[in-house]
Amino acid sequence: LEQVDIFQKALAYARVLGANVVGTETTGFTPNCGYGREHAFALLKDSVLRMVETAEKENVTIGIEPVAIHTLHTAEMARQLLDEIQSPKLKIIYDPVNILTLENIDEQDAIATQFLTLLGKDIVAVHLKDFVFVNGENEWRNIGKGIVNHAPIISWLARHNPNISILREGVMLDSVPVDIKRMRELLATNS
(Lines give C-alpha, C1' and ligand atoms only; values in the text may rest on other atoms or scores of the structure.)
Protein backbone atom coordinates (compact mmCIF):
# COMPACT_ATOMS: atom_id res chain seq x y z
CA LEU A 1 0.00 0.00 0.00
CA GLU A 2 2.90 2.34 0.63
CA GLN A 3 4.00 2.07 -3.03
CA VAL A 4 0.44 2.80 -4.19
CA ASP A 5 0.37 5.93 -2.01
CA ILE A 6 3.68 7.09 -3.50
CA PHE A 7 2.38 6.47 -7.02
CA GLN A 8 -0.81 8.41 -6.30
CA LYS A 9 1.28 11.38 -5.16
CA ALA A 10 3.32 11.12 -8.38
CA LEU A 11 0.09 11.40 -10.38
CA ALA A 12 -0.68 14.73 -8.72
CA TYR A 13 2.84 15.98 -9.51
CA ALA A 14 2.49 14.76 -13.11
CA ARG A 15 -0.57 16.97 -13.59
CA VAL A 16 1.30 19.98 -12.21
CA LEU A 17 4.27 19.24 -14.51
CA GLY A 18 2.06 18.78 -17.53
CA ALA A 19 2.90 15.09 -18.00
CA ASN A 20 -0.03 13.26 -19.56
CA VAL A 21 1.13 9.71 -18.83
CA VAL A 22 2.86 8.13 -15.84
CA GLY A 23 4.26 4.66 -16.42
CA THR A 24 4.69 1.76 -14.03
CA GLU A 25 5.37 -1.95 -13.88
CA THR A 26 3.73 -4.35 -11.47
CA THR A 27 5.29 -6.41 -8.70
CA GLY A 28 7.38 -9.49 -9.29
CA PHE A 29 5.68 -12.86 -8.95
CA THR A 30 7.33 -15.89 -7.39
CA PRO A 31 5.45 -19.16 -8.01
CA ASN A 32 6.30 -20.46 -4.52
CA CYS A 33 5.12 -17.29 -2.72
CA GLY A 34 2.27 -19.08 -0.96
CA TYR A 35 -0.57 -17.96 -3.21
CA GLY A 36 -1.46 -18.34 -6.87
CA ARG A 37 -1.68 -15.97 -9.80
CA GLU A 38 -5.41 -15.41 -9.26
CA HIS A 39 -4.78 -14.03 -5.78
CA ALA A 40 -1.83 -11.96 -7.03
CA PHE A 41 -4.05 -10.57 -9.79
CA ALA A 42 -6.77 -9.64 -7.26
CA LEU A 43 -4.21 -7.75 -5.17
CA LEU A 44 -2.88 -6.03 -8.29
CA LYS A 45 -6.38 -5.05 -9.41
CA ASP A 46 -7.13 -3.55 -6.00
CA SER A 47 -3.97 -1.43 -6.18
CA VAL A 48 -4.62 -0.35 -9.76
CA LEU A 49 -8.21 0.63 -8.91
CA ARG A 50 -6.86 3.01 -6.26
CA MET A 51 -4.31 4.41 -8.68
CA VAL A 52 -6.93 4.87 -11.41
CA GLU A 53 -9.24 6.71 -9.04
CA THR A 54 -6.47 9.26 -8.50
CA ALA A 55 -5.56 9.32 -12.21
CA GLU A 56 -9.14 10.17 -13.11
CA LYS A 57 -9.26 12.92 -10.49
CA GLU A 58 -5.93 14.37 -11.70
CA ASN A 59 -6.72 13.82 -15.41
CA VAL A 60 -3.51 11.84 -15.94
CA THR A 61 -3.19 8.49 -17.72
CA ILE A 62 -1.46 5.50 -16.18
CA GLY A 63 0.61 3.37 -18.55
CA ILE A 64 1.10 -0.09 -17.06
CA GLU A 65 3.76 -2.40 -18.46
CA PRO A 66 3.42 -6.19 -18.50
CA VAL A 67 6.63 -8.07 -17.63
CA ALA A 68 7.14 -11.84 -17.94
CA ILE A 69 8.28 -12.29 -14.32
CA HIS A 70 5.69 -9.96 -12.79
CA THR A 71 2.09 -10.38 -11.71
CA LEU A 72 0.89 -8.75 -14.95
CA HIS A 73 2.81 -11.00 -17.31
CA THR A 74 0.75 -11.70 -20.46
CA ALA A 75 -1.33 -9.87 -23.02
CA GLU A 76 -4.39 -11.82 -21.88
CA MET A 77 -3.95 -10.77 -18.28
CA ALA A 78 -3.40 -7.15 -19.30
CA ARG A 79 -6.59 -7.28 -21.38
CA GLN A 80 -8.45 -8.73 -18.39
CA LEU A 81 -7.19 -5.91 -16.15
CA LEU A 82 -8.25 -3.24 -18.66
CA ASP A 83 -11.65 -4.86 -19.19
CA GLU A 84 -12.36 -5.22 -15.47
CA ILE A 85 -11.28 -1.70 -14.55
CA GLN A 86 -12.73 0.04 -17.61
CA SER A 87 -11.13 3.44 -17.28
CA PRO A 88 -9.92 5.66 -20.11
CA LYS A 89 -7.10 6.63 -17.75
CA LEU A 90 -5.57 3.12 -17.73
CA LYS A 91 -3.46 2.19 -20.76
CA ILE A 92 -0.61 -0.16 -21.64
CA ILE A 93 3.10 0.39 -22.25
CA TYR A 94 4.39 -2.27 -24.66
CA ASP A 95 7.95 -3.40 -24.14
CA PRO A 96 8.51 -6.49 -26.31
CA VAL A 97 11.72 -7.37 -24.45
CA ASN A 98 9.99 -7.50 -21.08
CA ILE A 99 7.62 -10.27 -22.12
CA LEU A 100 10.26 -12.45 -23.79
CA THR A 101 11.94 -15.29 -21.93
CA LEU A 102 14.29 -18.14 -22.78
CA GLU A 103 11.22 -20.37 -22.95
CA ASN A 104 9.22 -18.23 -25.40
CA ILE A 105 11.83 -16.38 -27.49
CA ASP A 106 11.23 -18.62 -30.52
CA GLU A 107 7.58 -17.56 -30.46
CA GLN A 108 8.26 -13.82 -30.30
CA ASP A 109 6.44 -12.96 -33.55
CA ALA A 110 3.28 -14.78 -32.41
CA ILE A 111 3.56 -13.13 -28.97
CA ALA A 112 3.90 -9.68 -30.57
CA THR A 113 0.92 -10.32 -32.87
CA GLN A 114 -1.21 -11.46 -29.95
CA PHE A 115 -0.12 -8.49 -27.81
CA LEU A 116 -0.90 -5.98 -30.54
CA THR A 117 -4.19 -7.65 -31.44
CA LEU A 118 -5.46 -7.78 -27.86
CA LEU A 119 -4.08 -4.47 -26.63
CA GLY A 120 -3.18 -2.34 -29.65
CA LYS A 121 -5.89 0.28 -29.20
CA ASP A 122 -4.88 0.69 -25.56
CA ILE A 123 -1.11 1.02 -26.04
CA VAL A 124 0.05 4.49 -25.05
CA ALA A 125 3.81 4.02 -25.60
CA VAL A 126 6.31 1.46 -26.87
CA HIS A 127 9.77 0.82 -25.46
CA LEU A 128 12.35 -0.05 -28.07
CA LYS A 129 15.49 -1.91 -27.10
CA ASP A 130 17.34 -5.11 -27.93
CA PHE A 131 19.16 -7.89 -26.11
CA VAL A 132 20.64 -11.38 -26.25
CA PHE A 133 20.59 -14.12 -23.67
CA VAL A 134 23.98 -14.80 -22.06
CA ASN A 135 23.96 -17.63 -19.53
CA GLY A 136 20.20 -17.25 -19.23
CA GLU A 137 20.35 -13.52 -18.44
CA ASN A 138 19.46 -10.51 -20.60
CA GLU A 139 22.46 -8.67 -21.97
CA TRP A 140 21.61 -5.40 -23.70
CA ARG A 141 22.59 -4.68 -27.29
CA ASN A 142 22.11 -1.89 -29.76
CA ILE A 143 18.81 -1.99 -31.63
CA GLY A 144 19.18 -4.50 -34.44
CA LYS A 145 22.18 -6.21 -32.83
CA GLY A 146 20.14 -8.52 -30.61
CA ILE A 147 17.42 -11.11 -31.03
CA VAL A 148 14.28 -8.96 -31.05
CA ASN A 149 12.39 -8.89 -34.34
CA HIS A 150 11.24 -5.26 -34.35
CA ALA A 151 9.98 -5.20 -37.96
CA PRO A 152 6.46 -6.63 -37.42
CA ILE A 153 5.93 -4.40 -34.38
CA ILE A 154 6.99 -1.24 -36.19
CA SER A 155 4.95 -2.26 -39.23
CA TRP A 156 1.82 -2.75 -37.10
CA LEU A 157 2.35 0.58 -35.36
CA ALA A 158 2.87 2.38 -38.68
CA ARG A 159 -0.47 1.04 -39.93
CA HIS A 160 -2.55 1.29 -36.76
CA ASN A 161 -0.98 3.90 -34.48
CA PRO A 162 1.58 6.00 -36.39
CA ASN A 163 1.69 8.80 -33.80
CA ILE A 164 2.52 6.62 -30.82
CA SER A 165 5.48 7.51 -28.63
CA ILE A 166 8.38 5.13 -29.17
CA LEU A 167 10.97 5.40 -26.40
CA ARG A 168 14.53 4.07 -26.58
CA GLU A 169 14.99 2.62 -23.13
CA GLY A 170 18.36 2.06 -21.49
CA VAL A 171 20.34 4.12 -23.97
CA MET A 172 24.09 4.58 -23.62
CA LEU A 173 25.54 7.76 -25.11
CA ASP A 174 28.01 5.95 -27.39
CA SER A 175 25.17 3.83 -28.81
CA VAL A 176 22.95 6.76 -29.82
CA PRO A 177 24.13 7.07 -33.46
CA VAL A 178 23.80 3.31 -34.07
CA ASP A 179 20.36 3.14 -32.49
CA ILE A 180 19.04 6.23 -34.29
CA LYS A 181 20.26 4.85 -37.62
CA ARG A 182 18.56 1.50 -37.00
CA MET A 183 15.34 3.12 -35.78
CA ARG A 184 15.19 5.24 -38.94
CA GLU A 185 15.76 2.14 -41.07
CA LEU A 186 12.98 0.28 -39.29
CA LEU A 187 10.57 3.18 -39.67
CA ALA A 188 11.46 3.71 -43.36
CA THR A 189 11.16 0.01 -44.21
CA ASN A 190 7.96 -0.66 -42.27
CA SER A 191 5.97 2.56 -42.75
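Using a 4.0 Å cut-off between charged side-chain N and carboxylate O, Arg50 and Asp46 make a salt bridge.
Asn98 places no side-chain N or O within donor-acceptor distance of the main-chain N or O of Val67, the cut-off being under 3.5 Å. The backbone N or O of Glu185 sits less than 3.5 Å from a side-chain atom of Thr189, completing a donor-acceptor pair. Under a 3.5 Å cut-off, the side chain of Thr26 and the backbone N or O of Leu72 do form a donor-acceptor pair. Looking only at distances, no side-chain donor or acceptor of Gln108 sits under 3.5 Å from a matching main-chain atom of Val97. Under a 3.5 Å cut-off, the side chain of Asn142 and the backbone N or O of Val178 do not form any donor-acceptor pair. Side-chain N or O atoms of His150 include one that pairs as donor or acceptor with a backbone N or O of Lys129 at under 3.5 Å.
Considering all non-hydrogen atoms of both residues, His70 and Arg37 come closest at O-NH1, 3.2 Å. Nearest approach of Ile153 to Pro96, heavy atoms of both residues: CD1-CG, 3.5 Å. Nearest heavy-atom pair, Leu11 versus Glu58, reported as atom, atom and distance to 0.1 Å: O-CB, 4.1 Å. Nearest heavy atoms, Val124 versus Val21: CG2-CG2, 3.7 Å. Across all their heavy atoms, Ala68 and Thr101 have their closest contact at CB-CG2, 3.5 Å. Closest of all the heavy-atom pairs between Leu128 and Met183 is CD2-CG, 3.6 Å.
Scanning for salt bridge (charged side-chain N to carboxylate O under 4.0 Å, His left out) contacts around Lys57 gives an empty result, with sequence neighbours left out. Under the side-chain contact (heavy atoms from CB on, under 4.5 Å) criterion, His127 pairs with Glu65, Ile93, Asp95, Leu167, Glu169, sequence neighbours left out. For the ring pair (Phe, Tyr, Trp, His ring centres under 6.0 Å) test, residues two or more places apart in sequence or in another chain that qualify with Phe133 are Phe131.
A continuous path of hydrophobic side-chain contacts links Trp156 to Leu187 [ILVMFWY only; heavy atoms under 4.5 Å].
Between the CG atom in Leu118 and the CE atom in Met77 there is a gap of 13.0 Å [rounded to 0.5 Å]. Between the CG atom in Leu82 and the OG atom in Ser87 there is a gap of 9.5 Å [rounded to 0.5 Å]. Between Ile154 atom CD1 and Leu186 atom CG the span is 5.5 Å, to the nearest 0.5 Å. Rounded to the nearest 0.5 Å, atoms CD (Gln114) and CD1 (Ile99) are 8.5 Å apart. Atoms CD and OG1, on Glu107 and Thr113 in that order, are 12.0 Å from each other to the nearest 0.5 Å. Distance check, rounded to the nearest 0.5 Å: CD1 of Ile105 to CD of Glu103 gives 10.5 Å.
Across Ile123, Ile111, Val126, a single residue satisfies side-chain contact (heavy atoms from CB on, under 4.5 Å) together with Leu116, and that is Ile123. Each of Gln86, Gln80, Arg79 was checked for a side-chain hydrogen bond (donor to acceptor under 3.5 Å, both in side chains) with Asp83, and the lone residue meeting it is Arg79.
Under 3.5 Å, the side chains of Lys89 and Asn59 contain a donor-acceptor pair of N or O atoms. Side-chain N/O atoms of Arg159 and Ser155 include a donor and acceptor closer than 3.5 Å.
Residue Glu53 places its CD atom among 12 or fewer non-hydrogen atoms of other residues, nucleotides or ligands, all under 6.0 Å distant.
Counting heavy atoms from C-beta on, the side chains of Asn138 and Trp140 come closer than 4.5 Å. Side-chain contact between Tyr94 and Pro66: absent, with no pair of heavy atoms (C-beta onward) separated by less than 4.5 Å.
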